Number of protein chains: 2
Amino acid sequence: MVAALAGVSRATVSRVVNDSPSVDPQRARAVRDAIAELNYVPNRAARSLASRRTQAVTLVLPESTSKVFTDPFFASVIEGIAGYLAETEYTLTMILSSESTPDKTRRYLLGGNVDGALVVSHHSGDDSWARVSGSLPVVFAGRPLVGEAGSHYVEVENESGAATATDLLLSRGRRNIATIAGPQDMSAGIDRLAGWRRALARAGLDSSRVEFGDFSPASGAAAMRRLLARGAPIDGLFVASAQMAAGAYSVLESHSLRIPGDVAVVGFDDDEFAAALTPALTTVHHPVTRLGARMAETLVALIEGRPVERVTRLGTSLILRGSA
Amino acid sequence: MVAALAGVSRATVSRVVNDSPSVDPQRARAVRDAIAELNYVPNRAARSLASRRTQAVTLVLPESTSKVFTDPFFASVIEGIAGYLAETEYTLTMILSSESTPDKTRRYLLGGNVDGALVVSHHSGDDSWARVSGSLPVVFAGRPLVGEAGSHYVEVENESGAATATDLLLSRGRRNIATIAGPQDMSAGIDRLAGWRRALARAGLDSSRVEFGDFSPASGAAAMRRLLARGAPIDGLFVASAQMAAGAYSVLESHSLRIPGDVAVVGFDDDEFAAALTPALTTVHHPVTRLGARMAETLVALIEGRPVERVTRLGTSLILRGSA
DNA sequence: TTGTACGCGTTATCAG
DNA sequence: CTGATAACGCGTACAA
């Protein structure tokens, strides 16, 4: 260790760098000066080899690049994660697992690159992280559909949020209520659909008006078109994401159906899409940034061996705007 | 090394893992079997400690999380980078340097975490990477405004693209041509403004109608408002980004000015914003994904000591749509 | 409080 | 073609 040339032994330098208690102040100063002069930065590889920890966590994004950078959800989650991590000594690293082979991702995770992993938007078929969760702390966004039952995760109350949204449509007097549901290989998609079903069942109404999308605007438009093509009357609509609502809007408009006059619409997600629509979308708000922060918090606790809740559930609220 | 328990010496295992030439096929098989059985993954820290290389490069994003995930530019660049890197043995890591302290970024870069860095959207004041470029291969997107003169970078022909765009407005008979320029602490902002100036100078026209934005839609709207508030007539407008054009559109609309009737508009960037506007934006197209791929290619060559062009310049083309 | 000595898992060198 | 063995740069008992 070069800095040892400035006075003391390498062990002492190590103590100073990791500001261990009880080091002679004067020597400490000398070491610090040397460090500054030599522009020295401890080698992380050596450190992690010796200490068995990397001080880095990674966010695994199992989606295409374009989806990740297009869906406002990711921006908010990451903001939450990065915000929490900024307070800690951990560095955040992201890996788009669609770009590399699943195997590359696995090698990365297991290769001692990180102390833990955060997984968002995982689909049930996707298990690049599956054999990982045994040997590395992992926290999921949303209830994992496969894998060990003991997984740690943070989720929002998708089902009750969706039920509340549907109840609003009912309270507006709507009786022919359709839904554009999310992907059924993700818990968010499944649970929101279940909430809609539950509300309709409770009201004794038909719940057959269902079409699916993948949360994107284009898929929302396509689903809306299929819904209308069925010919059955629709006066209320619950959409499982604000982005899909944007797509649905354009189709309703092209069919000369007024919102909320002809069709009252309630969405899920309170992002820029929701606010930008005309009329502004009445929607279920959920704290995405806090979701991210909470995931990071859970992961760090897990890594450091502190006790943590295995599952955290975040509440939702209904934002009343112009569409229902 | 555990796998050694399955027959041979650690050296041989190492050779197999890095499929070095000339290893006895039979022993190689035995080693591979052992690896599979033990679910063994080489420890990256140890490897990089011994080999002085990490097989990872990082993308430094010196912008806020929301900007990064909102501006389509980043998605495309990253797609290009990830696409190229997927063909190589390198892993891509990203760090949002706004979230951590500049010092944290520096330590990360210098701490032996990566073999090289890619920097996009750097501003002239931002020098977290400055003292880095001496000891680590770095490739910039756009001409760096400060720092060593020897920097490697990839850029698009901003100035000539802007001049061509402005020439189009002139050819449409417009004579009162304004511009909404980008930030003047980034080469893209500076060069696009220079191109607009050059075209007007060549035509002997006034080039005082300038307002600035930060490439975002909101800043474009604000700049448009300031431009109109000046009271001087405007019949042509060059906007340095499609996002700002979106903002300008809304302001023009609210002032009952028709595009292109009253004001012909040409933008820069051919992203989803450009295509989604009504009328669709006539704009300067530049190959963002290729920019990313080229950056990655340059960096890898740099790391591996192969000869590379210090600067790569990518051409632009004009996409004629409805706005001019 | 400080220094010594060893270990971390892998690659590289050099005999064999 | 293969096996010892020495680095790699740092943390950490343990001894001084």
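Residue numbers begin at 1 in each chain, while the letters A, B, ... track the order of the sequences. Given the structure is predicted, the values throughout are model-derived calculations rather than measurements.
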Residue B:Ala46, side-chain atoms from C-beta onward, closest of C:dG3, D:dC10, C:dT10: C:dT10
Got more than 12 heavy atoms from elsewhere within 6.0 Å of CZ, A:Arg29? no
When rounded to whole Å, the CG to P distance for the pair A:Leu49 and C:dC6 reads 18 Å
Would you say B:Asn43 places a side-chain N or O within less than 4.0 Å of OP1 or OP2 belonging to C:dC8? no
Using a cut-off of 4.0 Å on non-hydrogen atoms, how would the nucleic acid contact of A:Val23 be classed: base, sugar-phosphate, or nothing? sugar-phosphate
State, yes or no, whether a side-chain contact exists between B:Ile190 and B:Leu145 at a heavy-atom distance under 4.5 Å. yes
Non-hydrogen side-chain atoms of B:Tyr40 and B:Val31 separated by less than 4.5 Å: no
If you only use heavy atoms from C-beta on, which nucleotide in D:dG11, C:dT2, D:dC1 is closest to the side chain of A:Asp24? C:dT2
Looking only at heavy atoms, which two atoms of A:Ser76 and A:Val288 are closest? And how far apart? CB-CG1, 3.6 Å
Expressed as a whole number of angstroms, how long is the span from B:Gln55:CD to C:dT11:P? 11 Å
Between A:Asn158 and A:Arg143, do the side chains contain a donor N or O and an acceptor N or O under 3.5 Å apart? no
Check this for me: does any side-chain nitrogen of one of A:Glu309 and A:Arg294 sit under 4.0 Å from a carboxylate oxygen of the other? no
OP1 or OP2 of D:dT2 less than 4.0 angstrom from a side-chain nitrogen or oxygen of B:Ser9, does that happen here? no
Closer than 4.0 Å, any side-chain N/O of A:Arg52 to the OP1 or OP2 of C:dG7? no
Could you state the atom-to-atom distance from CG of A:Asn113 to P of C:dT10 in whole Å? 13 Å
Does OP1 or OP2 of C:dG9 have a side-chain N or O of B:Arg47 closer than 4.0 Å? no
Identify all pairs in which a protein N or O lies below 3.5 Å from an N or O of nucleotides 12-16 of chain C, and state each distance.
none

Do the side-chain N or O atoms of B:Arg27 get closer than 4.0 angstrom to the phosphate oxygens (OP1, OP2) of D:dC1? no
Roughly how many Å is it from CZ in B:Arg44 to C1' in D:dC8, rounded to a whole number? 17 Å
Between B:Asn18 and B:Ser20, do the side chains contain an N or O donor and an N or O acceptor separated by less than 3.5 Å? no
